[in-house]
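Sequence positions, counted from 1, serve as the residue numbers for this chain. Any value given below was found using the heavy atoms of this structure, including those in side chains, with hydrogens, waters and symmetry copies removed. Since the structure is predicted, the reported quantities are computational estimates derived from the model, not experimental observations.
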Amino acid sequence: MKQMNMLVSGLVGTGEHKRICVYFSDKDKYAEGSIPDCKITSSKGFSKEELAEIEEYLKENRDHIIEEAKKVNPMKAFLGKK
């Protein structure tokens, strides 16, 4: 998969509806997916093949993405702090 921007949310939702939102962007294209299901939930501009590659990336990197999401502090992110 070619290089693009990726943003990871913290854990959102409650109970069995907990998930992590993952947002991919490349110029005027975007795709939003979620963990744990590793599926794209919305997109614009990416081909079906590219979306399949992004879903495969989510599956292959699920554990790493979860670890990164655990580091997200929602209040610091909201305030624009690191």
Side-chain angles (χ1 to χ4, degrees):
M1 184 165 78
K2 73 179 208 167
Q3 192 170 10
M4 66 181 76
N5 295 314
M6 180 178 88
L7 298 172
V8 176
S9 76
L11 195 60
V12 296
T14 59
E16 62 184 55
H17 299 289
K18 288 182 183 176
R19 67 188 192 326
I20 297 165
C21 297
V22 186
Y23 184 85
F24 298 89
S25 64
D26 182 25
K27 298 180 185 167
D28 59 343
K29 302 188 287 188
Y30 75 86
E32 186 174 337
S34 66
I35 302 287
D37 55 350
C38 301
K39 297 289 183 191
I40 298 301
T41 56
S42 66
S43 68
K44 177 186 172 195
F46 285 107
S47 69
K48 288 181 182 181
E49 293 80 15
E50 289 172 318
L51 293 173
E53 286 182 31
I54 294 171
E55 286 185 345
E56 188 63 30
Y57 177 87
L58 289 172
K59 290 174 191 169
E60 291 175 359
N61 294 280
R62 183 180 176 271
D63 292 339
H64 177 72
I65 293 169
I66 290 170
E67 289 304 312
E68 290 301 311
K70 288 178 182 178
K71 297 175 188 176
V72 174
N73 180 322
M75 189 51 103
K76 283 185 178 181
F78 176 74
L79 296 173
K81 298 179 181 180
K82 292 185 177 186

_Can a donor-acceptor pair be found, under 3.5 Å and without considering hydrogens, that links the side chain of Glu32 to the backbone of Cys21?_
no
Using every non-hydrogen atom in the two residues, find where [X] and [Y] come nearest and quote the distance to one decimal.
X     : Y     : answer
Lys18 : Leu11 : CD-CD2, 3.8 Å
Glu55 : Lys39 : OE2-CA, 3.5 Å
Cys38 : Lys59 : CB-CG, 3.6 Å

Atom pair [atom1] ([X]) and [atom2] ([Y]), whose distance is rounded to the nearest 0.5 Å:
X     : Y     : atom1 : atom2 : value
Asn61 : Glu68 : CG    : CD    : 10.5 Å
Ile54 : Lys29 : CD1   : NZ    : 8.0 Å
Lys70 : Ile65 : NZ    : CD1   : 13.5 Å

*Heavy-atom distance under 4.5 Å between the side chains of Phe46 and Met4, does that happen here?*
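Counting from C-beta outward, Phe46 and Met4 do come under 4.5 Å.
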*Would you call the rings of Tyr23 and Tyr30 parallel, tilted or perpendicular if under 30° counts as parallel and over 60° as perpendicular?*
parallel
_Please say yes or no: joined through hydrophobic side-chain contacts below 4.5 Å, possibly via intermediate residues, are Leu7 and Leu51 part of one cluster?_
no
*Have a look at Ile20 and tell me which of Val12, Val72, Leu58, Val8 forms a side chain to side chain contact (heavy atoms under 4.5 Å, CB included) with it.*
Val8
